[in-house]
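What follows is one structure encoded as structure tokens, with my remarks underneath.
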Amino acid sequence: MRTSKYGVVAVAITLALAGACGTNTGGTTSGSAEDALSSENCADPAAVTEEITDELVVGISAALSGPAAQAIGQVLQGAEARFELANQNGGIDGVEISVIKRDDGFTPERAKTNVQALIDQDQADVLSTLGGGQVDAMSDYQNEQCVPLLNAISSVPKYYDPVQFPWTTQDLPAASIEEAAIARLIEERYPDGVEVAMASNPNESGQAYSEAFEAAIEGTDIKLVKNEPIVDPATTASTLEATGAKVLNIGGIGTDCLSMMNAIGRAGWKPELVIVPSNCTDAKLVFEPAGEAADGVEILRWFKEPILEEYEDDEAVLEYVDAVTAAGADPKSSYVLSGWAMADITVNALEEAAASDDGLSRIGIMKAAQSQDYQAPLFIDGVSFSVDGESDPFGIESFRPYAWNAETKKFDPVGEVISAD
């Protein structure tokens, strides 16, 4: 078992708008994370400390239908393949993991209904979901009931606060951390300073990226000359090209990255450096369709991916490829890999809980989830998933830059691991 992380990590450059939190959070509004994570604050204290001995139910609210279902379906394939591997290896101290999924159509309203059903009807021991809106919709009831929501594929600022939301954790790097790493990368490339243009989605995620980047470049020689919302990509590209900026930072989601790469390609604009957020990682859905416009575009990554030549013979990658292929999933899909990684971090927390004094119980699981220093086998060397509920709730804080090669249709490393710390 891994041990917990010590010390304060400076990357609590938190999207720390974190003060604005939800309401019903187990009755805790101040104090320490340790005090907040107490069965006394729960609707059913006895259920929180009861040992899980028969099966461990993972309840997932996700888009099983609608426009997001294809991508999210791949995430779920990866997650279920990892849980199945755990079962093949004897489960969690002999307890088998079972998965129950409910369709939210990628709408928060349905996620809110789902979480009540997953807890009250399906008797879920832990929960997961995909999307910041879903986390927001689920968090109040889930925290009242003290059912762990583990490694939600989301990065909403306030849910990194273990005092206000002691039963909730997220899987993705906080925007503040990723943009701090991007700022550090730009500083390394342009030590004498540079002008940067930014295209950002006007939604919550996009604004989090843009606000985080602005905060990260304070006191540096990096100048943000224009931050343009991605409404009409062609107009955004034209407006930003007119600034003469050498660097374009795209703060959005996968579809934004593809549309902006296509837009700058059509405009004939060739910034010296184009960088996109890690959520745009999928080669087949984001980079390949952009053709030559994506050539040289950089992204920060933390996974060992099968499409990277340097990891083709890696033991952990080969295990992953075998498992997801057996499950009928595409091992080269970044969405499948993301689901596997989320589940792998969850399995590590479950194993640590089973070996702890609290045992495999809800509170034991949540304590373990808030105190992990886990070198996930599929993480790049130098990158770990490290959280400490008292001082550092962020998980992923280091990245390696890669550039897309349109000719080979692969990512090439273009630097060493960068830490946001």
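Atom set for the values below is all heavy atoms of this structure, side chains included, hydrogens, waters and symmetry mates excluded.
With salt bridges taken as basic N to acidic carboxylate O contacts below 4.0 Å, none links Glu272 and Arg189. Here Asp104 does not pair with Lys112 in a salt bridge; the nearest charged N to carboxylate O distance is not below 4.0 Å. Glu310 and Arg400 are joined by a salt bridge, as a carboxylate oxygen and a charged side-chain nitrogen come within less than 4.0 angstrom of each other.
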Exercise. Given Ile119 and Leu127, is the side chain to side chain contact (heavy atoms under 4.5 Å, CB included) satisfied, shown in steps?
Worked result: CA-CA 9 Å; Ile119 293 173; Leu127 303 163; 4.0 Å; yes
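Considering Val126, Leu172, Thr129, Ile345 as possible partners of Asn151, the one that fulfils the side-chain contact (heavy atoms from CB on, under 4.5 Å) test is Ile345.
Judged as a salt bridge (charged side-chain N to carboxylate O under 4.0 Å, His left out), the pairs with a partner in residues 282-293 (not counting sequence neighbours) are, in order, Lys284-Asp330. Pairs engaging residues 248-271 under the ring pair (Phe, Tyr, Trp, His ring centres under 6.0 Å) rule: none recorded [sequence neighbours left out].
No side-chain donor-acceptor contact under 3.5 Å links Gln145 and Asp120. Between the side chains of Ser384 and Gln375, not a single donor N or O lies within less than 3.5 Å of an accepting N or O. When only modelled atom types and interatomic distance are considered, Ser200 and Asn227 share a side-chain donor-acceptor pair under 3.5 Å. With 3.5 Å as the limit, one finds no donor-acceptor pair spanning the side chains of Thr236 and Glu228.
When all heavy atoms are compared, the tightest approach of Pro233 to Val231 is CD-O, 3.7 Å. Residues Ala181 and Ala420 come closest through the heavy atom pair N-CB, 4.2 Å. Nearest heavy atoms, Ala353 versus Ala368: N-CB, 3.8 Å.
Within a 6.0 Å sphere centred on NZ of Lys246, heavy atoms belonging to other residues, nucleotides or ligands number 12 at most.
Annotation: cation-pi pair Arg301/Phe399 absent, no NZ/CZ under 6.0 Å from the ring centroid and within 45° of its normal.
Residues Val115 and Arg102 form no side-chain contact, since every pair of their non-hydrogen atoms from C-beta on lies 4.5 Å or further apart.
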Which atom pairs, one a donor and one an acceptor, fall under 3.5 Å between side chains of residues 320-328 and the rest of the protein, sequence neighbours left out?
unit_1, atom_1, unit_2, atom_2, d
Tyr320, OH, Pro331, O, 3.0
Tyr320, OH, Leu337, N, 3.3
Thr325, OG1, Val321, O, 2.6

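Taking the six-membered ring where the residue is Trp, the centroids of Phe165 and Tyr160 are separated by 6.0 Å or more.
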